[in-house]
Amino acid sequence: TIMTVLDVSRDELTAARKAGTTLAELAKQQGVEVSVLIDALVTDAEKHIAEHVADGTLTQEQADERLAEIEQRITDRVNGVEPAEGERPD
């Protein structure tokens, strides 16, 4: 999703991340609104969570917990904010 929205290759994305560029900075460099990237990532995450509920690997309660925090977690990730110690990584 990230590569598609930002129109970058895996190598370009990897190089930018290794150089310390946040996804928000990369989006701006590519002329993409940060909110567009966040929305795409949230939609993708929601789809994956729904798939896990459908296949029984997550309960609806677990899915609801993840969905309640997903937009903030993704926004933090895009902006380079690391999860607090003990939090589940994305």
Considering only heavy atoms from C-beta outward, does the side chain of [X] approach that of [Y] to under 4.5 Å?
X: Thr22; Y: Asn79; answer: no
X: Leu23; Y: Leu13; answer: yes
X: Lys47; Y: Glu51; answer: yes

Closest approach of Gln30 to Asp7 (non-hydrogen atoms, all atoms of both residues):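 So the minimum-distance heavy-atom pair works out to NE2-O, 3.7 Å.
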If you group Ile, Leu, Val, Met, Phe, Trp and Tyr by side-chain heavy-atom gaps below 4.5 Å, do Leu37 and Val81 land in one group?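 In one cluster with Leu37: Val81, no.
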Partners passing side chain to side chain contact (heavy atoms under 4.5 Å, CB included) against [X] (at least two apart in sequence or in another chain):
X: Thr59; result: Glu61, Gln62
X: Thr4; result: none
X: Ala16; result: Thr21, Leu26
X: Lys28; result: Val34

In Å, rounded to the nearest 0.5 Å, how long is the span from [atom1] of [X] to [atom2] of [Y]?
X: Gln29; Y: Leu6; atom1: CD; atom2: CG; result: 10.0 Å
X: Leu41; Y: Arg73; atom1: CG; atom2: CZ; result: 13.0 Å
X: Arg17; Y: Glu25; atom1: CZ; atom2: CD; result: 9.0 Å
X: Gln60; Y: Glu65; atom1: CD; atom2: CD; result: 11.0 Å
X: Asp11; Y: Met3; atom1: CG; atom2: CE; result: 9.5 Å

Atom CD of residue position Glu71 - does it have more than 12 heavy atoms of other residues, nucleotides or ligands inside 6.0 Å?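 No, CD of Glu71 has 12 or fewer neighbouring heavy atoms, counting only those of other groups under 6.0 Å.
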If you draw a 6.0 Å radius around CG in Asp55, do more than 12 non-hydrogen atoms from other residues or ligands fall strictly inside?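 Enclosed: over 12 neighbouring heavy atoms sit under 6.0 Å from CG of Asp55.
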I'd like to know if the side chain of Asp44 reaches the main chain of Ala40, judged simply by a donor and an acceptor atom lying under 3.5 Å from each other, with no hydrogens or angles considered.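 Answer holds: no.
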Can you check whether Ser9's main-chain N or O pairs, donor with acceptor, with Glu12's side chain at less than 3.5 Å?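 Such a contact is found between Glu12 side chain and Ser9 backbone.
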Name all residues meeting the side-chain hydrogen bond (donor to acceptor under 3.5 Å, both in side chains) criterion together with Asp39; count only those two or more places apart in sequence or in a different chain, and write none if there are none.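 Once residues adjacent in sequence are excluded, Asp39 has no partner under the side-chain hydrogen bond (donor to acceptor under 3.5 Å, both in side chains) criterion.
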Residues that Gln72 engages under side-chain hydrogen bond (donor to acceptor under 3.5 Å, both in side chains), provided they are two or more places apart: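 Gln72 satisfies side-chain hydrogen bond (donor to acceptor under 3.5 Å, both in side chains) with Asp76 only.
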